[in-house]
2 protein chains.
Amino acid sequence: MKPAGTASAALARGQGIALWRQIAAAMETDIGAGKLGPGARLPTEAELSARFAVNRHTVRRAMEELEGRGLVRIEQGRGSFVAEDVLDYPVGPRTRFSETIRRQNREPQGRMVRIEELPAEAGVAETLKLRRGRPVVLAERLGLVDGRPVVLGSHWFSAARFPGIAALLAEDPSVTRALALLGVPDYRRQVTRITARMPTPEEAALLEQSRTRPVLVTEAVNVDPEGQPVEVSFACYAAGRMQIVVES
Amino acid sequence: MKPAGTASAALARGQGIALWRQIAAAMETDIGAGKLGPGARLPTEAELSARFAVNRHTVRRAMEELEGRGLVRIEQGRGSFVAEDVLDYPVGPRTRFSETIRRQNREPQGRMVRIEELPAEAGVAETLKLRRGRPVVLAERLGLVDGRPVVLGSHWFSAARFPGIAALLAEDPSVTRALALLGVPDYRRQVTRITARMPTPEEAALLEQSRTRPVLVTEAVNVDPEGQPVEVSFACYAAGRMQIVVES
DNA sequence: ACAAATTTGTTCGTATGTATG
DNA sequence: ACATACATACGAACAAATTTG
């Protein structure tokens, strides 16, 4: 008996339907039916060509089709994987992690990784309009969607302007709620700068991603209604799980 | 006689000014004076510690200071380099490569790498509102700033809607001008999706960048004043030479 | 695919000078 | 004068990343 839940090896030869189309259709069924979840590893091309009793080229043609349609991701030397749906992260004046995720019918979570008070170094001090060396609070938070880590954010606040924010964030990882309790009921994202780089070992571990895949990095400045900067944040997104979307 | 144009080795010991500060100041002078241009390789820590007759730690302390101030970039295993200014690429409804670069007082250039007519595959066909297999024109263009490649863009157009666009782009790499000649005097960027990945060997070669550094990838849809899509483009930016900026 | 050379990063330990009380 | 804390400086060894052969 053949294993349940895998594509059948029964192909119709010489019936006018190319073998690779049948294979692609069979695998699409498996993926669509959820038998192979997002991110799951597909059998190797060698295994598939044995199972379907065809040449490896035929399997490759089928896989290329699926990759072109965005259903699978093929990585040279590693294998093939069911494509994970890429979450959209729209940036705009009202960018908020939790709201954004919930709007896509996913479950956001936040977990504080580190909270510290430090003297401000040049860059952060300048954007927060503080003098160098003034105390700032650094809060590092891991953002998860449906239990999978997708973003690691470093948030910087003036310790003088927001006394006790470290304790608040330790209790509840929501930046929005912490600022609300400290007299900033609303804030606006003024500017977002986006770059990419390789993750540090620590970032890769927290994001549960390969060290050979890059992270998208955003630097965002949030300001209060008077235009005063209240927060600077640097966020690393696992590229391939998130894409940043700008609607114009 | 000591070589001209390099930081002097004459340090004042025991005069109340820390050696590492003197070293940092000396190197800052060299960089500021333009003796070391952007991107230039700095001497190794070993060379500098010999030149200044100090321990490597002392040189490192000076370099850390300069890196913290954004003057140099230090890369493990490679060396230290004079920081290059990162170009801003603002995205919005009126995003145009050449205008953007010129506004930063830099000289933009474009060079066509490839122009081809192909049958549309699923993704492009859908965003251009064409049927799969309809002819589309693919134009690959390298964008340069001050002679350095910074972006490699793949632009897709409907061959039926824009007859002769391949020839026009071959003559003049400006997408804006080509579309103007074909009856679209103005267009608007509707949406931009941003991700990151490792470059292909070809992309790395064209962008003159290491294969171990990621590229920022944007997918942009440009529409005419009636809202009809006229172009879809995928652009790879050399991360570290360009950052995408979203003003809200 | 592997090894060697180069370069920066980290962690010990030690010693000295300076400001503070 | 003394103790303490802190910044500075040197030395050695090893780890990690990159480049080259």
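Computation of the quantities below employed the complete heavy-atom set of this structure, encompassing side-chain atoms and omitting hydrogens, waters and symmetry-equivalent molecules. Below, chain A is the first sequence line, B the second, and so on; all start at residue 1.
- Put simply, CD1 on B/I74 is 15 Å from P on C/dT7, counting in whole angstrom units.
- Nearest nucleotide to the B/R21 side chain, out of C/dG9, D/dT8, C/dT10: D/dT8.
- In summary, B/E65 and B/R21 do not engage in a salt bridge, as defined by a charged side-chain N under 4.0 Å from a carboxylate O.
- Contact annotation for B/R211: no contact, since no heavy-atom pair falls under 4.0 Å across all strands.
- The base-pairing partner of C/dT8, taking Watson-Crick or G-U wobble contacts with both distances under 3.5 Å, is D/dA15.
- Using a 3.5 Å distance cut-off with no hydrogens or angles, the side chains of A/Q190 and A/N222 do not pair a donor with an acceptor.
- Crowding of B/E202 atom CD: a count of heavy atoms from other residues, nucleotides or ligands under 6.0 Å not exceeding 12.
- Applying the 4.0 Å criterion to OP1 and OP2 of C/dT8, one finds that B/R78 has every side-chain N and O outside that range.
- Taking atom CZ of residue B/F81 and atom P of nucleotide C/dT6, one finds them 16 Å apart after rounding to whole Å.
- In this structure, CE of B/M63 is placed 10 Å from C1' of C/dT8, rounded to the nearest angstrom.
- For A/E171, the CD atom is loosely surrounded, since the number of other residues' heavy atoms within 6.0 Å does not exceed 12.
- Between B/N55 atom CG and C/dT8 atom C1' there is a gap of 14 Å when expressed in whole angstrom units.
- The partner of C/dA1, taking Watson-Crick or G-U wobble pairs whose two distances both stay under 3.5 Å, does not exist in any strand shown.
- Not one side-chain nitrogen or oxygen of B/R56 sits closer than 4.0 Å to the OP1 or OP2 atom of C/dT8.
- At whole-Å resolution of the value, CD1 in B/I23 and C1' in D/dC10 are 13 Å apart.
- Atom pair B/Q76:CD and C/dA5:P shows a separation of 20 Å (rounding to whole Å applied).
- Among the protein residues, B/S210 comes within range of no part of the nucleic acid, since none of its heavy atoms lies under 4.0 Å from any strand.
- The interatomic distance linking B/L11 (CG) with D/dA9 (C1') rounds to 12 Å, in whole Å.
- Between B/H57 and B/R61, the residue anchored nearer the 5' end of DNA chain D, judged by the nucleotide with its closest heavy atom, is B/R61.
- Taking atom CD of B/E45 as the reference point, atom P of C/dT10 lies 11 Å away to the nearest angstrom.
- Between B/R41 and D/dT19, a side-chain N or O to OP1/OP2 separation shorter than 4.0 Å is absent.
- A cation-pi geometry, defined here as NZ or CZ lying under 6.0 Å from the six-membered ring centre and within 45° of its normal, does not hold between A/R241 and A/Y89.
- Of the candidates C/dT10, D/dA9, C/dT7, the closest approach to any side-chain atom of B/T44 belongs to C/dT7.
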